[in-house]
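Step one of this worksheet: look at the structure below.
The first residue in the sequence is number 1, and the count goes up from there.
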Amino acid sequence: MTIVSNAPVVKAPPRASNSPRHPARPGARALEPMPNWTKLSRKDDVEIYRGGELVASGRVDMLALDGSVFWVVRNDGQGRAMFLHSDGFTVLRLPRARPVD
């Protein structure tokens with residue numbers, strides 16, 4: 001069971017231009033795939049896709065230690081949404097900014 005209330009479906013942007021080797025713009029941080037959800041952390045910025053279409057984007061709020069489920073506070077102002085790993089979602093994480101020396 002996945003709870004995504006009225007999540008708009010948007011076509012996924014081409015990833016080739018935003019891959020780690022080819023950022024979309026100079027200085028851009030590329031999104032990285034997260035097949036193992038145990039590697040996610042609270043406050044990670046993520047995009048969630050299903051079937052190549054963007055389902056939601058936001059910040060990880062809570063997650064299960066076994067990586068089976070996590071909750072995201074959505075960027076579109078629609079509150080929290082829960083995602084189950086078994087439902088076949090693809091999660092892309094925006095790497096955190098490195099501190100400036």
Side-chain angles (χ1 to χ4, degrees):
M1 178 174 81
T2 303
I3 301 170
V4 179
S5 59
N6 300 325
V9 176
V10 180
K11 290 287 183 193
R15 286 286 161 222
S17 64
N18 199 21
S19 70
R21 293 186 187 135
H22 306 286
R25 62 189 183 279
R29 296 177 292 148
L31 294 168
E32 60 182 306
M34 298 298 296
N36 182 352
W37 291 6
T38 62
K39 303 292 184 188
L40 290 171
S41 300
R42 289 191 70 225
K43 300 191 179 182
D44 279 345
D45 291 313
V46 295
E47 290 182 355
I48 299 105
Y49 291 87
R50 188 173 199 181
E53 296 183 357
L54 180 64
V55 176
S57 64
R59 183 162 285 176
V60 174
D61 184 42
M62 295 182 71
L63 58 145
L65 292 175
D66 66 359
S68 63
V69 62
F70 72 95
W71 290 261
V72 171
V73 176
R74 294 172 40 185
N75 289 337
D76 60 8
Q78 296 292 315
R80 283 178 46 172
M82 179 181 80
F83 297 92
L84 294 176
H85 194 277
S86 60
D87 285 344
F89 291 101
T90 299
V91 177
L92 301 175
R93 176 176 68 183
L94 182 66
R96 293 186 182 191
R98 295 184 182 137
V100 178
D101 293 333

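Partners of Ser68 according to the side chain to side chain contact (heavy atoms under 4.5 Å, CB included) rule, which considers only residues two or more places apart in sequence or in another chain, are Ala64, Asp66. Looking at residues two or more places apart in sequence or on another chain, you find no ring-ring contact (aromatic ring centres under 6.0 Å, His included) involving Trp71. With sequence neighbours excluded, the residues satisfying side chain to side chain donor-acceptor pair (under 3.5 Å) with Arg59 are Asp45. Annotation: side chain to side chain donor-acceptor pair (under 3.5 Å) contacts of Thr90 (sequence neighbours excluded): none.
To the nearest 0.5 Å, the span separating CG on Asp44 from NZ on Lys39 amounts to 12.5 Å.
The cluster map of Ile, Leu, Val, Met, Phe, Trp and Tyr, joined by side-chain heavy atoms under 4.5 Å apart, puts Met82 and Met62 in the same cluster. Taken together through direct or relayed side-chain contacts under 4.5 Å among Ile, Leu, Val, Met, Phe, Trp and Tyr, Leu94 and Leu54 form part of one hydrophobic cluster. Connection of Leu92 to Val73 is not established within any shared hydrophobic cluster, with ILVMFWY side chains joined at heavy-atom distances below 4.5 Å, either directly or through further cluster members.
For Pro35 against His85, the heavy-atom pair with the smallest separation is O-NE2, 3.0 Å. Here the closest heavy-atom approach between residue Pro95 and residue Leu31 is recorded as CD-CA, 4.5 Å.
Using a 4.5 Å heavy-atom cutoff, the side chains of Met34 and Val46 are not in contact. Two residues are said to be in side-chain contact when any heavy atoms from C-beta on lie closer than 4.5 Å; Leu63 and Trp37 fail this criterion.
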- Could you go through the side-chain contact (heavy atoms from CB on, under 4.5 Å) check for Val91 and Phe70 one step at a time? CA-CA 11 Å; Val91 177; Phe70 72 95; 3.8 Å; yes
